[in-house]
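One structure is given below, encoded as structure tokens.
Each chain gets a letter, A, B and so on, in the order its sequence line appears, and its residues count up from 1.
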There are 2 protein chains.
Amino acid sequence: MTSAPVTAATPALLRRVNAGKLLGVLSTAGVMTGTGLIQATGLTRATVHAVCNDLIDMGWVVELDPGRDDTAVGRPSRRFEFNSRAGYVLGIDIGAGRTTVLLADLRGETLAKAGRSLSSVKTPAERTGLVHEAVVEALAVADVRDSQVLAAGVGVAAPVDRAGNILVDDEFWRRFDTDLGHRLTELHGWPVLLENDANLAVLGEHWRGQGQGIDDLAVLLAGERFGSGLMDSGRLLHGSRGGAGEMLYLKLVEGVGDTHGIARTTRDQAVAVLADPTVRTRLRDVSEVTAEEVFAAAAAGDEVALGILRSVAARTARVVATLGILVNPELVVIGGAVAEAAGQLLPDIEEQLAGYTSTPPRVAVSSLGDAIVSVGAVRHALNYVEQHALDLVLTRSA
Amino acid sequence: MTSAPVTAATPALLRRVNAGKLLGVLSTAGVMTGTGLIQATGLTRATVHAVCNDLIDMGWVVELDPGRDDTAVGRPSRRFEFNSRAGYVLGIDIGAGRTTVLLADLRGETLAKAGRSLSSVKTPAERTGLVHEAVVEALAVADVRDSQVLAAGVGVAAPVDRAGNILVDDEFWRRFDTDLGHRLTELHGWPVLLENDANLAVLGEHWRGQGQGIDDLAVLLAGERFGSGLMDSGRLLHGSRGGAGEMLYLKLVEGVGDTHGIARTTRDQAVAVLADPTVRTRLRDVSEVTAEEVFAAAAAGDEVALGILRSVAARTARVVATLGILVNPELVVIGGAVAEAAGQLLPDIEEQLAGYTSTPPRVAVSSLGDAIVSVGAVRHALNYVEQHALDLVLTRSA
DNA sequence: GTGATTAATATAGACTCTAAATTTAGGTTC
DNA sequence: GAACCTAAATTTAGAGTCTATATTAATCAC
């Protein structure tokens with residue numbers, strides 16, 4: 001009835017539980033004394049020391065010179081610190097036009113970043129090759145070897161089931177390498193954890209973005225196409241085929257009609273307006289009509305641009321409303337290529353949103369920029385490492 | 001890092017874990033021998049016996065006369081059985097027009113059922129009074145006392161947060177007694193677990209309905225108003241203010257426009273059609289136009305009624321499509337007052353659904369009838385009991 | 001009855017934790 | 001620099017839990 005581990009509970013399980021707890025405290029706190037750990041965990045000194053010795057042997061914890069925290073009375077404490085260099089993780093974003101690789105230590109601090117454009121990619125093999133190049137570059141910058149990488153989180157713009165399989169249902173994604181994960185493992189040896197990009201985005205925002213401390217959270221990737229990642233009670237929603245957060249239903253939403261994101265809609269509307277030669281706007285002066293140009297013109301007071309943005313905001317509000325009502329997050333974070341500029345839209349979006357529900361979610365704009373997916377990928381990899389910490393054998397060279 | 005209990009793990013935790021595991025096996029299996037439990041849990045005979053003795057002392061398990069399973073060789077085994085009468089639970093559905101109470105044993109078998117019409121209720125106190133009456137009746141029928149009831153699950157048609165608070169945002173619900181839970185606890189003494197009715201419906205379908213074994217599940221209550229309960233990976237979605245599954249977004253969905261359910265829409269469309277005196281249909285013969293009459297007429301081949309149902313099916317398909325795409329359940333179960341009749345709509349709904357997504361959820365009609373919420377309420381109460389089994393003190397009179 | 005078979009019971013040992021007594025490594029004070 | 005103070009480390013004893021193995025018990029077959 002009560003949930004229980006799969007195997008029988010033997011005395012060794014206690015040590016495992018307590019080691020996990022202690023490691024959890026150490027991984028989020030800084031340097032800690034034995035006494036500090038006693039207070040944080042409720043364990044006895046004898047146990048704390050025994051567990052710490054185990055963790056030191058395993059390589060997860062290092063012991064510093066004895067010392068004290070200013071107040072200097074009594075025998076100096078043993079001081080323990082999480083060994084954030086016991087291993088490394090990779091966070092890889094494989095987008096339509098670009099791949100971004102982050103290398104991080106076990107605290108999630110970024111040690112290196114590398115990227116490659118994928119816009120000219122023709123075959124899956126080419127794409128894998130460029131990802132490989134970026135990974136090699138990132139590892140080289142930080143002087144980290146493959147054997148020290150404990151896991152890699154990889155985000156792709158396709159549904160991914162809970163087992164990490166890329167599910168391709170439409171023609172577009174058939175051009176994608178669904179075996180990407182195995183290829184990377186073959187090349188480098190580390191475990192590859194595939195996940196949908198919007199799902200990783202919500203992990204990223206929950207960890208290091210606007211959604212910190214908010215366990216009912218949605219992220220709306222709003223660049224060229226709308227996509228969303230959903231979190232309820234701190235847990236990522238997946239759906240039966242990895243499709244949770246899929247936005248195709250927008251075709252059925254009045255005033256939306258398709259899954260085009262903010263950037264694309266802004267561009268399309270600008271082009272449509274400019275087709276009328278009598279319309280006067282500074283948008284005529286730009287060499288190419290892009291969303292950025294429209295945002296800039298609006299910021300400069302151009303009435304036509306402002307009108308377009310009002311319309312885009314109204315449309316976005318409807319998207320947020322549907323998500324907000326059905327899934328009921330506390331906060332919806334708007335991310336993706338246009339996130340920064342989308343700040344201009346916020347007041348309009350919030351105003352419109354109030355018209356659809358009396359309990360609208362809060363809306364914020366991502367501060368993670370184009371790293372939103374790769375940061376989430378790092379978090380995804382760290383989750384895996386934390387889950388398996390006591391089973392992993394570290395390469396003790398670190 | 002690894003999830004761990006709040007308190008420090010002491011040797012007593014092992015016994016707790018193993019007791020929980022053993023109780024879980026016993027509560028789902030029937031009579032089990034010591035050897036059977038050894039195989040099911042991986043524990044040693046010594047441990048199994050020690051734990052069983054504990055559980056017998058606590059009242060959760062009863063020991064039968066030694067005996068054997070046909071194959072008769074060797075010393076007879078001790079035989080253990082989950083004591084499904086160690087306590088009882090209530091499942092209470094408080095709907096707009098009616099309250100239904102189920103009394104069940106700890107295996108979830110229904111022992112008594114009672115109900116009261118709430119259609120003439122004017123005040124919260126009256127409603128509570130009628131619920132109380134129904135509870136008293138159910139307990140009396142099965143000769144169960146309040147002190148033997150371990151928990152009651154209560155479903156209401158309002159958002160309920162994770163702490164069990166009814167959240168009233170609109171005027172309609174202000175007429176509801178948001179303090180209902182405390183009133184019932186005062187009256188009877190047992191813990192009251194409030195939950196949204198559609199959320200309970202999905203628990204019910206997952207437990208004893210069409211959704212058994214399906215962990216990504218949605219239930220669409222489709223009677224007078226659409227409401228939904230969502231489950232991802234076996235876990236109920238709540239949202240930040242208990243609003244997950246809220247259908248108000250349907251106002252924004254083309255071809256839907258409001259949250260009216262199948263019964264109401266069917267009725268409304270029939271009335272609209274009949275307003276044209278030139279239309280010939282057997283619906284003119286009925287004394288009052290109801291959804292049931294339209295379904296019956298359609299079943300009898302009435303073209304006008306069939307046309308209405310096609311339209312209602314198309315509308316319902318859009319509702320299912322939005323849910324199915326965004327949350328991606330494996331199965332959507334249609335429940336509520338019209339569930340049985342809605343079987344007629346299934347082929348149309350499925351056909352339309354295929355037009356909206358290439359990976360539509362399966363659609364089924366609930367077989368739990370009007371007990372869908374109360375059955376879920378029983379499951380909700382049982383979940384609570386299982387969670388707290390080893391902390392509860394049973395009234396040993398049972 | 002005697003033997004075979006299966007399970008219960010008893011005993012010894014290992015691992016984990018807590019709790020309390022003892023020792024240690026610094027400071028401070030005179 | 002010796003005596004004292006303090007907080008932490010270390011040691012020791014004890015209790016709870018599990019496994020593993022040996023012993024005993026109950027039943028059936030012959």
Side-chain angles (χ1 to χ4, degrees), chain A residues 2 4-23 31-58 61 63-81 390, chain B residues 2 4-23 31-58 61 63-81 390:
Chain A
T2 309
V6 185
T7 58
T10 69
L13 175 69
L14 291 181
R15 178 51 62 90
R16 218 186 140 75
V17 168
N18 286 328
K21 176 181 234 170
L22 221 45
L23 196 49
V31 176
M32 292 212 67
T33 64
T35 306
L37 289 171
I38 289 168
Q39 290 164 351
T41 60
L43 294 165
T44 313
R45 171 162 264 116
T47 306
V48 166
H49 279 167
V51 171
C52 281
N53 289 339
D54 283 359
L55 292 173
I56 289 168
D57 285 347
M58 284 192 271
V61 169
E63 182 165 4
L64 284 62
D65 293 333
R68 46 189 61 200
D69 323 316
D70 297 357
T71 57
V73 218
R75 177 172 175 170
S77 332
R78 289 177 70 180
R79 297 190 306 162
F80 304 99
E81 187 175 27
L390 301 175
Chain B
T2 309
V6 185
T7 56
T10 69
L13 175 69
L14 290 182
R15 179 49 64 89
R16 217 187 141 74
V17 168
N18 286 329
K21 176 180 233 169
L22 221 44
L23 197 49
V31 176
M32 293 211 66
T33 64
T35 307
L37 289 171
I38 290 168
Q39 291 164 350
T41 61
L43 294 165
T44 311
R45 169 162 265 116
T47 306
V48 165
H49 279 167
V51 171
C52 281
N53 290 338
D54 284 359
L55 292 174
I56 289 168
D57 285 345
M58 284 192 271
V61 170
E63 183 164 4
L64 283 62
D65 292 332
R68 47 190 56 202
D69 324 316
D70 299 354
T71 57
V73 216
R75 175 173 176 171
S77 329
R78 289 177 71 180
R79 297 190 305 163
F80 305 99
E81 187 175 26
L390 300 176

Return the minimal non-hydrogen interatomic distance between B:L390 and B:A19, and the atom names on each side. CD1-CB, 4.0 Å
Kindly give the heavy-atom pair with the smallest separation between A:V17 and B:A9, and that separation in Å. CG1-CB, 3.8 Å
Please write out each protein N/O paired with an N/O of nucleotides 18-21 of chain C under 3.5 Å, distance rounded to 0.1 Å.
residue : atom : partner : partner atom : Å
C:dT18  : OP2  : A:T44   : N            : 3.2
C:dT18  : OP2  : A:T44   : OG1          : 2.5
C:dT18  : OP2  : A:T47   : OG1          : 2.6
C:dT18  : O5'  : A:T44   : OG1          : 2.9

Any B:R15 side-chain nitrogen or oxygen under 4.0 Å from OP1 or OP2 of D:dG16: no
Once side chain to side chain contact (heavy atoms under 4.5 Å, CB included) is applied, do any residues pair with A:E63, and if so which ones, sequence neighbours excluded? A:I56, A:R78, A:F80
On a heavy-atom basis, the closest approach of B:R79 and B:V31 is CB-CG1, 3.9 Å
Would you kindly give the CG-to-P distance between B:L22 and D:dT17, to the nearest whole Å? 14 Å
Nearest whole Å is fine: how far is D:dT27 C1' from B:D65 CG? 15 Å
What is the bend of the helix from C:dG1-D:dC30 to C:dC30-D:dG1 when you compare the axis at one end with the axis at the other, using five pairs each and rounding to 10°? 20°
Could you state the atom-to-atom distance from CG of B:L13 to C1' of D:dC18 in whole Å? 13 Å
Looking only at heavy atoms, the pair that brings B:R15 and B:A50 closest together is NH2-CB, 3.4 Å
Please report the closest heavy-atom contact between A:T33 and A:S77, naming both atoms and the distance. CB-CB, 3.7 Å
What is the distance, to the nearest angstrom, from the CG atom on B:N53 to the P atom on D:dC18? 12 Å
Using whole Å, report how far CD1 of B:I38 lies from C1' of C:dT9. 12 Å
A:R78 atom CZ is separated from C:dG26 atom P, nearest whole Å, by 14 Å
Quick test of your reading: applying salt bridge (Lys or Arg N to Asp or Glu O under 4.0 Å), list the pairs with at least one residue in residues 32-52 of chain A, sequence neighbours left out, ordered by first then second residue. none
Take nucleotides 1-6 of chain C nucleotide by nucleotide from the 5' end and write B, S or -, depending on whether a protein heavy atom sits under 4.0 Å from the base, only from the sugar-phosphate, or from neither. ----BB
Show your working on side chain to side chain contact (heavy atoms under 4.5 Å, CB included) between A:L43 and A:L37 and close with a plain yes or no. CA-CA 8 Å; A:L43 294 165; A:L37 289 171; over 6 Å; no
When the distance from NE2 of B:H49 to P of D:dC18 is rounded to whole Å, what number comes out? 14 Å
Locate the shortest heavy-atom distance separating A:T47 from A:N18; write the atom from each residue and the value. CG2-ND2, 4.5 Å
Protein-nucleotide distance (A:R79, atom CZ; C:dA25, atom P), rounded to Å: 17 Å
If you measure from CD1 on A:I38 to CE on A:M32, what distance do you get to the nearest 0.5 Å? 10.0 Å
Output yes when at least one side-chain N/O atom of A:N18 is less than 4.0 Å from OP1 or OP2 of C:dC17, else no. yes
